[in-house]
Amino acid sequence: MRVERFMSGLALILLALVGAGVAHAEDGYALWLRYRPVGQTWDARYTAAATQLVPAGGSATITAATSELNRGLRGMLGAVPGQAASVSRDGAILYGTPANSRVIAALDLPLKGLGNDGFVIRSVRVNGHRATVIAANSDVGVLYGVFRFLERMETREPLAGVDVRDAPKLKLRMLNHWDNLDRHVERGYAGLSLWDWFTLPEWKAPRYTDYARANASIGINGTVLNNVNANPDILRPRFLKKVAALADVFRPYGIHVYLSANFGAPVAIGGLKTADPLDPKVQAWWKAKADEIYRLIPDFGGFLVKANSEGQPGPQDYHRTHAQGANMLAAALKPHGGIVIWRAFVYSAQNSEDRAKQAYSEFKPLDGKFADNVMVQVKNGPIDFQPREPFHPLFGAMPHTPLMMEVEITKEYLGFNTHLAYLGTMWAEVLDTDTWQHGQGTTVARVLEDGKGTGLTGMAGVSNIGNDRDWTGSEFDQANWYAFGRLAWNPQGSAEAIARDWTKMTWGENPQMVDAIVGMMMESREAVVNYMTPLGLAHQMATGHHHGPGPWVHNLSRPEWNPVYYNRADANGIGFDRSATGSDAIAQYAPHVAALFGSLNTVPDKDLLWFHHVPWTYRMRSGQTLWDSLIDHYDKGVATVAQMQRTWALLKPYIDKQRFDEETAFMEIQHHDALWWRNASIAYFQSLSKLPLPAGHAEPPHDLRYYEAIKTPYAPGQAE
Ligand code: GCV
């Protein structure tokens with residue numbers, strides 16, 4: 001969708017809207033659950049469909065559903081309908097399970113096959129009255145149905161004749177918080193951690209409930225509370241009580257709590273001399289720890305583990321495999337129904353193999369060797385959450401192991417909170433890609449939907465949530481939290497449809513405004529790719545904090561932490577040869593995919609420099625030289641941001657001042673940063689290629705030294 005398309009129409013519509021009244025100031029706290037008044041067009045219709053609430057059952061989850069209906073209907077219709085024990089008038093909303101309501105049971109709704117979390121929303125007749133029934137096999141399913149019902153109202157969908165039947169395609173839909181016990185959030189750009197460990201467990205801040213509401217509204221059902229670079233102290237009794245308090249708040253909303261476990265905990269806090277997974281004392285320690293946790297939190301989800309990666313301890317410290325480590329923890333959790341999520345994000349400075357190959361090399365031989373309550377969590381791409389990566393080869397290579405895909409909602413490599421980058425398109429791109437594992441059609445989404453006989457399927461998102469008033473550090477980053485939940489519920493969902501729903505709920509229903517915002521969102525991630533790392537480049541970010549460009553950096557202690565490792569640029573050309581003549585990373589993909597990526601004739605332009613080293617003068621399929629095309633992409637990225645700024649400026653009359661002003665300022669920052677990226681990258685690559693810029697493209701205003709000297713002290717989100 002092109003942003004320009006909306007521009008001319010917008011200008012006209014704006015004229016009509018001026019004078020219609022400016023929306024009142026908002027601070028973003030309400031997220032997409034704003035429940036703003038529906039206005040004249042919908043008022044009568046919705047009011048007629050919401051005259052009475054008839055809950056079935058009295059669980060905390062049904063109580064939460066009732067309070068959400070009250071909140072939503074009060075906001076949208078201005079009044080709360082009365083509550084009744086049975087349907088006694090037209091327009092009742094009846095919600096519950098067949099087990100708790102004979103009326104719902106008698107309706108004989110198609111609940112079979114919907115599992116615990118699916119639901120049906122349907123217009124029915126009960127006791128001779130028109131009613132809407134929201135039914136499920138469990139109370140949590142009912143709650144999801146209630147949120148979907150309210151979302152229909154927020155997005156102004158008709159309620160009359162409604163007939164929705166839906167269930168999540170993945171079982172685990174999980175946030176991973178990289179929150180430390182001192183409340184610093186690694187790669188967090190929205191303030192401190194939400195978890196106030198110091199005042200827990202006594203003070204359960206109301207915000208914890210709002211966090212649970214927001215997650216439940218998009219189907220998220222698990223949360224890992226602490227950083228994968230895990231402080232073992234989280235497993236001490238003092239902290240477990242605090243964890244239990246949070247679990248109590250989240251339980252009615254169907255959210256299970258998980259913890260990142262430090263593999264070295266038996267030594268660090270257990271007084272043992274070893275953490276060797278085959279040592280019976282170590283096994284007994286973890287078993288006792290699991291028992292202790294489940295006494296406090298009966299529905300505890302399990303452990304997430306980062307082992308033997310970036311300095312974290314792990315089984316390899318004792319010459320054991322990742323599978324031996326994972327299975328030992330899995331045995332401790334198994335009697336309680338808990339699971340282990342073991343991360344495949346491993347690479348080593350001592351290993352000279354192409355970093356993109358190392359996780360596959362480590363894990364592929366372990367396929368089929370994990371216990372049936374272990375999932376392997378694989379990042380979307382083989383390196384590390386870059387603006388664009390090809391899909392991780394493990395998705396096509398572990399036919400016997402349930403895989404969870406990990407994406408980074410927080411924008412460590414995409415400009416932090418101030419760059420507008422809608423990540424729904426990025427994740428959908430990966431999910432829709434065909435691994436060819438079992439022939440054509442084995443997309444990453446389908447791989448995730450296959451529990452390999454264990455029933456375990458899932459997707460995890462590294463949270464972008466902090467204690468900023470707007471939760472995520474910017475309005476548009478809320479969209480990424482929302483999109484993550486929606487895609488984890490349905491990995492085959494449409495990024496554009498999700499952006500549209502979010503936009504209507506977050507900014508308002510005016511169709512032209514919605515089109516304009518959705519247009520911006522749909523182009524935004526590609527803009528970031530273009531001004532940061534076009535044509536398959538990756539990891540060109542400055543050292544440590546990853547803010548701003550550093551394509552020249554070559555002196556870090558670990559080779560694979562240096563941007564030059566990835567761009568391999570020299571006087572002759574640029575790009576990482578991962579073809580058969582290079583690192584042969586393509587061989588980790590199915591033959592069809594390997595052939596596609598491995599040949600210069602077929603590799604998509606967007607992945608060119610990821611898989612190939614080519615001369616600066618290489619002829620692209622477009623007829624341009626690579627050099628000219630590279631410059632074009634940088635400029636296109638900057639131009640798209642400038643276009644987004646113009647579109648946004650036109651939206652001023654539609655949007656409340658606080659949110660409008662903030663985004664205006666953030667876009668200024670983004671434009672400045674995009675230019676910085678463009679100029680610094682061109683200055684560096686030109687120092688090697690010695691080629692002139694193509695006609696019509698401006699020289700960088702400063703020399704390379706100027707860009708190399710730029711520092712960003714105290715950038716947020718850095719570990720140290
Ligand atoms: C939690 C990247 C990030 C690290 C992060 C790591 C991981 O390397 O820069 O901050 O550590 O990924 O996913 O474990």
Side-chain angles (χ1 to χ4, degrees), residues 1-43 46 72 75-78 151 153-157 417-422 468-480 482 496-524 527 639-672 674:
M1 185 178 309
R2 307 287 310 166
V3 169
E4 292 86 345
R5 218 167 80 197
F6 304 105
M7 297 291 292
S8 52
L10 259 179
L12 291 174
I13 283 133
L14 286 175
L15 284 176
L17 281 178
V18 170
V22 176
H24 80 288
E26 294 190 47
D27 58 16
Y29 183 85
L31 294 162
W32 47 90
L33 302 173
R34 289 161 66 242
Y35 301 137
R36 307 296 301 152
V38 293
Q40 270 179 343
T41 321
W42 290 95
D43 202 30
Y46 282 164
M76 288 187 279
L77 304 178
E151 182 170 304
M153 291 179 70
E154 279 202 279
T155 54
R156 313 296 187 246
E157 294 287 328
N417 58 318
T418 50
H419 291 211
L420 196 171
Y422 171 56
D468 272 9
R469 181 71 190 157
D470 69 6
W471 302 85
T472 55
S474 87
E475 295 294 323
F476 277 96
D477 279 346
Q478 296 178 358
N480 293 327
Y482 178 85
E496 181 169 350
I498 293 169
R500 192 164 289 280
D501 285 345
W502 175 81
T503 300
K504 285 184 191 168
M505 293 191 284
T506 302
W507 299 109
E509 67 189 279
N510 181 289
Q512 286 75 22
M513 177 186 71
V514 171
D515 280 349
I517 292 179
V518 171
M520 279 169 37
M521 290 170 74
M522 292 302 288
E523 294 206 326
S524 58
T640 308
V641 177
Q643 181 61 64
M644 287 178 357
Q645 285 182 291
R646 286 193 289 276
T647 303
W648 185 252
L650 283 174
L651 297 176
K652 188 170 183 177
Y654 296 70
I655 291 168
D656 53 281
K657 182 169 163 42
Q658 182 167 334
R659 294 191 300 165
F660 179 82
D661 287 351
E662 182 186 82
E663 193 49 41
T664 302
F666 283 6
M667 283 184 176
E668 268 169 38
I669 297 173
Q670 183 174 13
H671 188 250
H672 165 272

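Just so you know, residue 1 is the first one in the sequence shown, and it goes up from there. Values reported hereafter were calculated over all heavy atoms of this structure, with side chains retained and with hydrogens, waters and symmetry mates removed.
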For a 4.5 angstrom cut-off between non-hydrogen side-chain atoms, does [X] reach [Y]?
X	Y	answer
Y35	M153	no
Q645	H671	yes
M505	R36	no
T506	Y482	no

Please name all residues satisfying side chain to side chain contact (heavy atoms under 4.5 Å, CB included) with [X], sequence neighbours left out, ordered by chain then number.
X	value
A674	Y531, V638, V641
T664	W648, F660, E668
A497	S494
T418	F666, I669

For [X] versus [Y], what's the shortest heavy-atom pair and its separation?
X	Y	value
N417	G473	ND2-O, 2.9 Å
L31	D470	CD2-O, 4.4 Å
I517	I655	CD1-CD1, 4.5 Å
D661	K657	OD2-NZ, 2.6 Å
L420	S524	O-CB, 3.3 Å

*Where do M667 and M520 land on the side chain to side chain contact (heavy atoms under 4.5 Å, CB included) test, with the steps shown first?*
CA-CA 12 Å; M667 283 184 176; M520 279 169 37; 3.4 Å; yes
*Is a side-chain N or O of N480 found less than 3.5 angstrom from the main chain of A421, in a donor-acceptor match?*
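Yes, the answer is positive, given that a donor and an acceptor are paired below the 3.5 Å cut-off.
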_Run the side chain to side chain contact (heavy atoms under 4.5 Å, CB included) test on F476 and H419 for me, step by step, so that the C-alpha distance in whole Å, both residues' side-chain angles and the decisive distance to 0.1 Å come before the verdict._
CA-CA 9 Å; F476 277 96; H419 291 211; over 6 Å; no
*Inspect the contact between E509 and R156 and indicate whether a charged nitrogen and a carboxylate oxygen are less than 4.0 angstrom apart.*
yes
*In sequence, state the C-alpha distance, the side-chain angles, and the governing distance for R500 and T155, and then conclude on side chain to side chain contact (heavy atoms under 4.5 Å, CB included).*
CA-CA 9 Å; R500 192 164 289 280; T155 54; over 6 Å; no
_Counterpart residues, side chain to side chain donor-acceptor pair (under 3.5 Å), relative to Y422 (two or more places apart)_ = none
_Please enumerate all residues that pass salt bridge (charged side-chain N to carboxylate O under 4.0 Å, His left out) together with R659, with sequence neighbours excluded._
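Listed in chain order: E26, E475, D656.
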*asked:* Tell me if the centroids of the rings in W471 and Y29 come within less than 6.0 Å of each other.
replied: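 Yes, ring centres under 6.0 Å apart.
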_Check against side-chain hydrogen bond (donor to acceptor under 3.5 Å, both in side chains), W507 and T503_ = CA-CA 5 Å; W507 299 109; T503 300; 5.3 Å; no
